[in-house]
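Below is one structure, written out as structure tokens, with a few remarks after it.
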Amino acid sequence: MLAAEILGGRQVGIRIDGETLSFFDPSSRELLRVQPNPLTGDEVQRLRGLRPAGPPPRPRVEPVRVQRRISATGTVMVCRQVVSLGRTYAGQTVTVYVADSTITVELDGQVRVIRRTTDIPVRHVKANKPYEVPDVVQAHRQASTGTRTSAITWD
């Protein structure tokens, strides 16, 4: 499951509702992640170790910390809200704190606080990695540096 990659080997409890799976910390019952439920009713009945659900997990009180890479136009997107930071910061990775009503961005020792215009929860915690140069472009560069084009093999 995708949640296993995100939660990184942490022990969690899972509350199975009709349409959602809620992942929570079993000791504090703090909500960690919510995802759509891919299981059918029959699949849920066949699971071992099921217990009656306790009280619903409570959402985290402190802001959620995420990372974003600033685009070439100087913007980042957090919770489907575009935040403009300036083109001079393009390509940098910034830390963003998402609270109920604000988005706080730490950039070059400065803190910028932006009012949230959406109520969509955080879906991605890590920034996008930079794109790698495709193999075709690298092969083209080799050909243009004086090597014979007939010596290039395409896999």
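Heads up: numbering here begins at 1 and tracks the sequence.
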Counting neighbours of CZ on Arg87 that are heavy atoms of other residues, nucleotides or ligands and sit closer than 6.0 Å, is the number greater than 12? no
Taking the side chain from Arg68 and the backbone from Met77, do they hold a donor-acceptor pair closer than 3.5 Å? yes
Is it the case that the side chains of Thr95 and Gln67 hold a donor-acceptor pair, with the cut-off being a distance below 3.5 Å and no angle test? no
So, do Thr104 and Val111 sit near enough that their side-chain heavy atoms are less than 4.5 Å apart? yes
Note, Leu31 side chain near Ser22 side chain (heavy atom, < 4.5 Å): yes
Give the C-alpha distance, both sets of side-chain angles, the deciding distance and a yes or no for side chain to side chain contact (heavy atoms under 4.5 Å, CB included) between Arg65 and Val96. CA-CA 6 Å; Arg65 180 176 169 246; Val96 180; over 6 Å; no
Working note: Asn37 + Asp17, criterion side chain to side chain contact (heavy atoms under 4.5 Å, CB included); need CA distance, chi angles, decisive distance, verdict. CA-CA 8 Å; Asn37 185 359; Asp17 292 321; over 6 Å; no
Answer yes if Leu85 and Tyr97 sit in the same cluster of Ile, Leu, Val, Met, Phe, Trp and Tyr residues linked by side chain heavy atoms under 4.5 Å apart, and no otherwise. no
Of all heavy-atom pairs linking Pro36 and Pro38, the shortest is O-CD, 3.1 Å
Is there a side-chain contact between Glu30 and Phe24 in this structure, where contact means two heavy atoms from C-beta onward sitting under 4.5 Å apart? no
Could you walk me through whether Leu47 and Ile16 pass side chain to side chain contact (heavy atoms under 4.5 Å, CB included), step by step? CA-CA 11 Å; Leu47 293 174; Ile16 302 173; 3.8 Å; yes
Would you find more than 12 non-hydrogen atoms of other residues, nucleotides or ligands less than 6.0 Å from Asp119 atom CG? no
Expected output: side-chain Glu43 to main-chain Thr40 donor-acceptor under 3.5 Å: yes
Is it the case that the side chain of Arg69 and the backbone of Thr93 share a donor-acceptor pair, with hydrogens and angles ignored and the cut-off at 3.5 Å? no
Would you kindly confirm whether Leu21 and Val44 end up in one hydrophobic cluster when ILVMFWY residues are joined by side chain heavy atoms under 4.5 Å apart? yes
Student check: side-chain heavy atoms of Arg15 and Phe23 closer than 4.5 Å: no
Side-chain heavy atoms of Gln92 within contact of Leu107, under 4.5 Å: yes
Could you check Gln45 against Leu50 for side chain to side chain contact (heavy atoms under 4.5 Å, CB included), going step by step and ending with a plain yes or no? CA-CA 8 Å; Gln45 293 300 322; Leu50 291 178; 5.6 Å; no
When rounded to the nearest 0.5 Å, the distance separating CZ of Arg115 from OG1 of Thr117 is 7.0 Å
Which atom of Arg116 lies closest to which atom of Val98, heavy atoms considered: NH1-CG1, 3.4 Å
Out of Val76, Val94, Ile70, Val105, which one pairs with Tyr89 under the side-chain contact (heavy atoms from CB on, under 4.5 Å) rule? Ile70
Ser27 and Asp25: side chain donor to acceptor below 3.5 Å: yes
